[in-house]
Amino acid sequence: MSRPVRVRFAPSPTGYLHVGGARTALYNFLYAKNRGGKFILRIEDTDLERSTEEAMHMQIGDLKWLGLNWDEGVNPETLEDMGDKGPYRQSQRLEIYKEYAEKLIASGTAYYCFMTDEEIDKQREELKAAGKPPQVQSPYRDMDPAESKKKLDSGESAVVRFKVPKDKSEFVLKDLVRGEVKFPSDMVGDFVLIRSNGMPVYNFCCAIDDALMEISHVFRAEEHLSNTLRQMMVYEALGLEVPEFGHLSIILGADKQKLSKRHGATSCNQYRELGYLPEAMNNFIALMGWSHPEGKEVMTSEEMQKAFSTDRLNPASAVFDEVKLKWMNASHLRELDHAELWSRVKPFLDEAGLELPEDPQWQDRALSVFKTSMETLADAVELFRPISAKNYKVDDTAADALSWDSSKAVIEKWKSLVAAAAEDYLSEEQFVEAQNAVKTECGVKGKHLFMPIRVAVIGKPQGAELKHLVPLMKKDLLIERAQLALNQ
RNA sequence: GUUCCCUUCGUCUAGAGGCCCAGGACAUCGCCCUUUCACGGCGAAGACACGGGUUCGACUCCCGUAGGGAACGCCA
């Protein structure tokens with residue numbers, strides 16, 4: 001009961017980290033932090049068909065991006081073992097699984113099964129047709145070990161199956177999020193422990209690893225709920241200590257189906273590319289299935305760590321709402337100090353080829369002007385593009401403002417006033433002065449005044465306040481643009 | 001088919017028998033701020049899946065029904 005808290009995230013490296021996986025990782029991380037425990041990263045790469053080294057890098061990269069740093073497991077830089085309960089990649093633990101499988105065989109709770117795929121398929125069909133649960137019923141279940149040894153030696157391939165107790169007993173799981181869950185033992189058939197190629201199967205290595213790595217709590221997705229029965233059987237047969245489990249709800253798409261590729265962006269990496277902040281991602285994901293005791297919504301990781309507890313975990317599935325994610329991203333965006341925000345925005349600006357001043361003070365001012373209209377980092381591109389030294393063009397939406405009788409005169413006057421300025425940049429006051437001068441000189445006011453000027457400055461009839469925008473732009477640039485607007 | 005899980009505003013959720021003719025957030029719609037756009041402020045509309053119990057009293061407990069999901073793999 002008073003075991004030290006050790007939790008783990010155990011992805012199988014088959015692609016980028018999915019938002020569902022990210023939430024699982026996050027909850028484990030938060031729990032470890034909250035309880036002063038250890039967070040461990042284990043790689044479940046026993047499926048040779050689907051696991052790749054590249055995907056492992058992707059998963060690790062995504063976890064790092066989210067800031068879910070682990071204390072033990074695969075080292076994020078060197079990929080070597082970090083901690084004394086390794087190896088942390090299942091593909092490197094094969095001997096261990098083999099040893100335990102042999103123990104089970106020796107004790108009669110597991111056996112070699114020589115059924116072929118065809119035989120199993122056929123049996124499944126028949127059972128289904130008969131309205132029975134499609135569980136394998138292996139004729140090798142009670143074969144004399146000596147005889148199976150002989151078959152094995154003669155080169156026949158076999159899997160190792162767990163011998164599920166035939167006496168109908170009940171397994172009770174005290175789930176941290178679902179309460180008491182009871183499983184009849186005949187809910188599952190004799191499941192595979194070791195594949196014929198020698199690789200262990202999830203339910204086997206997961207149980208062994210969690211026990212050997214002294215994992216105290218397992219938070220994982222709900223689809224593993226019925227796997228827990230199998231794992232409990234393995235624990236029991238081997239006399240290993242069972243961790244506590246918490247089965248998290250599934251994350252759904254807008255159509256209430258399990259979130260998948262066809263719902264659009266579902267991996268953390270995609271959200272990173274779209275300009276989402278890891279802070280916002282964590283915060284948003286945390287709130288799909290957990291809530292702060294005081295109902296706080298926008299939180300830092302530290303706040304979440306402090307407040308996290310399993311009794312506020314919600315068993316019902318949640319729909320992933322990108323609109324709210326956006327709002328949350330905007331909230332976090334505005335909390336960042338400008339030096340930090342600039343460093344996040346910079347890659348997006350560079351990517352778009354924008355040419356902007358290097359001066360931190362300029363960047364600071366620019367961000368105060370633009371950040372209230374940014375929801376994602378990527379939004380900065382269109383916001384900064386109009387004041388970038390490159391890429392100026394008069395937008396189609398500006399045609400109206402340019403068509404008024406007085407517009408040409410307004411822009412001419414504006415241009416001459418800018419040209420008369422002494423410094424490289426106009427101050428806010430100078431801009432207001434100039435605008436007033438245009439007003440009296442040309443005899444226009446209201447939108448006939450500021451719309452043409454706005455177009456002469458940014459090429460569009462709408463945007464941030466001119467008195468904030470103009471001081472961000474070099475005098476020469478303003479003149480050049482006024483001319484371009486006149487040429488329209 | 002069998003077993004298991006889930007079900008409060010459109011969405012994320014609060015609610016652990018009277019505090020709830022159900023609270024917050026996003027979205028929506030108004031108004032205010034604003035010589036544009038955002039930000040911000042204020043306000044409106046909007047839900048206990050259904051049916052039975054238990055109880056003086058049920059969103060909260062029990063049982064059904066319906067709907068959704070998961071598992072029954074040499075995937076995890």
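Everything numeric here is computed off the predicted structure, so don't read it as measured data. These values consider heavy atoms only, across backbone and side chains, with no hydrogens, waters or symmetry-generated copies. Here is the naming used below: chain letters follow the sequence lines, and residue numbers restart at 1 for every chain.
The nucleotide whose nearest atom lies closest to any side-chain atom of A/V319 is, among B/C74, B/C5, B/U11, B/U11. The side chain of A/P134 lies closest to B/C72, out of B/C72, B/U3, B/C75.
You won't find any donor-acceptor pair under 3.5 Å spanning the side chain of A/S226 and the base of B/C72, going by distance alone.
The partner of B/U54 cannot be assigned: no Watson-Crick or G-U wobble pair with both contacts below 3.5 Å exists in any strand. When both pairing distances are held under 3.5 Å, B/U65 makes a Watson-Crick or G-U pair with B/A49. B/U2 is paired with B/A71 under the criterion used here, namely a Watson-Crick or G-U wobble arrangement in which both key atom distances are under 3.5 Å.
A close approach under 4.0 Å does occur between a side-chain nitrogen or oxygen of A/R161 and OP1 or OP2 of B/C74. Residue A/R178 places no side-chain N or O under 4.0 Å from the OP1 or OP2 atom of B/G69. For A/R124, no side-chain nitrogen or oxygen approaches OP1 or OP2 of B/G1 to under 4.0 Å. Distances shorter than 4.0 Å separate none of the side-chain N or O atoms of A/N227 from OP1 or OP2 on B/C75. For B/G69, the OP1/OP2 oxygens have a side-chain nitrogen or oxygen of A/Q257 closer than 4.0 Å. Distances shorter than 4.0 Å separate none of the side-chain N or O atoms of A/R334 from OP1 or OP2 on B/C39. For A/S249, no side-chain nitrogen or oxygen approaches OP1 or OP2 of B/C6 to under 4.0 Å.
Note: CD (A/E180) to C1' (B/C6) measures 18 Å, nearest angstrom.
Using cut-offs of 30° and 60° on the angle between ring planes, the pair A/F284 and A/F320 is perpendicular.
When heavy atoms are screened at a 4.0 angstrom cut-off, A/D175 is found touching no nucleic acid atom at all.
Of the candidates A/E297, A/K296, A/R312, A/S291 forms a side chain to side chain donor-acceptor pair (under 3.5 Å) with just one, namely A/R312.
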